[in-house]
Amino acid sequence: MTTLEKIMKIRDEKGAGYFVLIDPDKWQLTQIAEMANSACEGGADAILVGGSLLMSSSFDELVQAIKKQIDIPLIIFPGGITQVSRYADAIFFLSLLSGRNPTYLIGEQVRAAPAIKALGIEPISVAYMLIESGKTTSAEFMSNTRPIPRNKPEIAMATALAAQYFGLKMIYLEGGSGAQYPVPDEMIREVHNYISIPMIVGGGIKTPDEAAAKVKAGASFVVTGNVLEKDGGVHLVKEFAEAVHSRN
Ligand code: 1GP
């Protein structure tokens with residue numbers, strides 16, 4: 001079974017899937033192994049690894065260290081072409097469709113595609129859409145793009161539909177890591193009602209209740225990163241997993 005099939009099965013069985021994001025720059029190598037363990041034990045459905053900026057030089061080593069700890073899928077969520085590793089199960093092959101910067105629409109992808117093929121990593125095509133979230137996020141600054149205004153769901157709907165027509169597998173509605181406000185439930189609802197491909201929602205989600213609200217609005221997958229940095233224990237992962245797994 002491919003990683004995409006695995007996560008879709010989880011969505012179908014549990015109502016929605018919960019992903020834990022590990023940003024390599026925010027953790028020591030020893031903490032990363034511990035975090036990966038907690039994510040697994042707490043009931044996360046996959047681990048995402050990546051970041052808008054990569055300060056640490058040992059991405060490959062890090063991905064390998066996480067992989068050793070877990071039996072759930074490990075998916076790279078890359079901020080750029082330096083974030084490719086043979087030890088991952090899959091990679092989100094992102095195109096930053098909310099922006100108009102050709103580097104992140106297609107440039108980085110052309111440069112990364114041969115390495116992904118050579119390493120045998122499963123690419124999962126994802127439309128990446130930044131949504132305005134109160135303050136400038138790293139993703140916005142690093143990509144040199146403007147996010148979609150949070151009170152303009154129609155722009156998000158049209159962009160998501162274009163992604164679906166392009167044949168992309170999923171939409172990622174992103175507030176940005178550490179966002180002041182997560183993506184509005186209303187926008188998630190409207191995009192969900194308008195398209196038929198699954199949606200990942202992340203950025204600035206701070207409580208299990210907020211995560212549950214994103215699922216209720218139509219998210220197929222919810223991602224948290226920052227909130228676990230303050231308290232990366234199994235119990236908090238468990239609370240989020242239970243909130244997201246609405247069908248249990
Ligand atoms: C960022 O959506 C992810 O790309 C997670 O964001 O770190 O704010 O949870 P947080």
Side-chain angles (χ1 to χ4, degrees), residues 7 16-27 31-32 35-36 38-39 42 44-55 59 66 74-80 83 88 91-99 104 108 124 126-143 145 147-148 150 156 160 170-185 187-188 191 198-215 217-233 236-237 239-241 243-244:
I7 60 175
Y18 174 47
F19 298 159
V20 165
L21 171 67
I22 297 182
D23 182 334
D25 287 339
K26 293 184 178 154
W27 302 83
Q31 292 176 301
I32 284 177
M35 183 59 229
S38 300
D45 300 300
I47 288 184
L48 307 187
V49 58
S52 300
L53 185 64
L54 190 64
M55 303 290 281
F59 189 71
I66 298 172
L74 177 55
I75 305 171
I76 298 174
F77 175 41
Q83 298 173 37
I91 184 165
F92 283 156
F93 199 70
L94 305 169
S95 181
L96 181 47
L97 285 199
S98 56
Y104 290 97
E108 295 279 285
I124 300 174
V126 176
Y128 195 48
M129 293 169 50
L130 289 178
I131 312 300
E132 195 270 318
S133 62
K135 60 181 183 184
T136 307
T137 61
S138 300
E140 184 186 331
F141 185 83
M142 293 305 295
S143 65
T145 64
I148 294 174
R150 52 192 291 110
M170 296 193 200
I171 305 291
Y172 195 133
L173 288 186
E174 169 73 282
S177 191
Q180 196 172 354
Y181 313 111
V183 178
D185 295 348
M187 180 181 276
I188 298 168
V191 175
M199 243 188 309
I200 307 167
V201 176
I205 296 172
K206 299 175 190 75
T207 66
D209 282 351
E210 273 180 340
K214 304 302 162 205
V215 174
S220 288
F221 302 97
V222 172
V223 183
T224 66
N226 264 273
V227 71
L228 301 174
E229 278 156 37
K230 293 178 193 86
D231 175 10
L236 189 56
V237 174
E239 280 180 38
F240 272 104
V244 169

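For ligands, and for the atoms within them, numbers begin at 1 and follow the listed sequence. These numbers come from a predicted model, not from an experiment. Numbering starts at 1 and runs along the sequence shown.
- A heavy-atom cutoff of 4.0 Å around ligand 1 is satisfied by the protein residues Leu21, Phe77, Tyr172, Glu174, Gly176, Ser177, Gly178, Gly202, Gly203, Gly204, Thr224, Gly225, Asn226.
- For Tyr172 and Phe77, the gap between ring centers is short of 6.0 Å.
- With sequence neighbours left out, Asp185 forms a salt bridge (charged side-chain N to carboxylate O under 4.0 Å, His left out) with Lys214.
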- Criterion side-chain contact (heavy atoms from CB on, under 4.5 Å) on Phe59 and Val49, from CA distance to verdict: CA-CA 9 Å; Phe59 189 71; Val49 58; 4.1 Å; yes
- Message: Set out, in order, the CA-CA distance, both residues' side-chain angles and the distance that settles side-chain hydrogen bond (donor to acceptor under 3.5 Å, both in side chains) for Asp23 and Ser177, then state yes or no.
- Response: CA-CA 9 Å; Asp23 182 334; Ser177 191; 5.2 Å; no
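- Residues forming a side-chain hydrogen bond (donor to acceptor under 3.5 Å, both in side chains) with Ser143 (at least two apart in sequence, or on another chain): Thr145.
- Under the rule for a side-chain hydrogen bond (donor to acceptor under 3.5 Å, both in side chains), the partners of Thr224 that lie at least two apart in sequence or sit in another chain are Tyr18.
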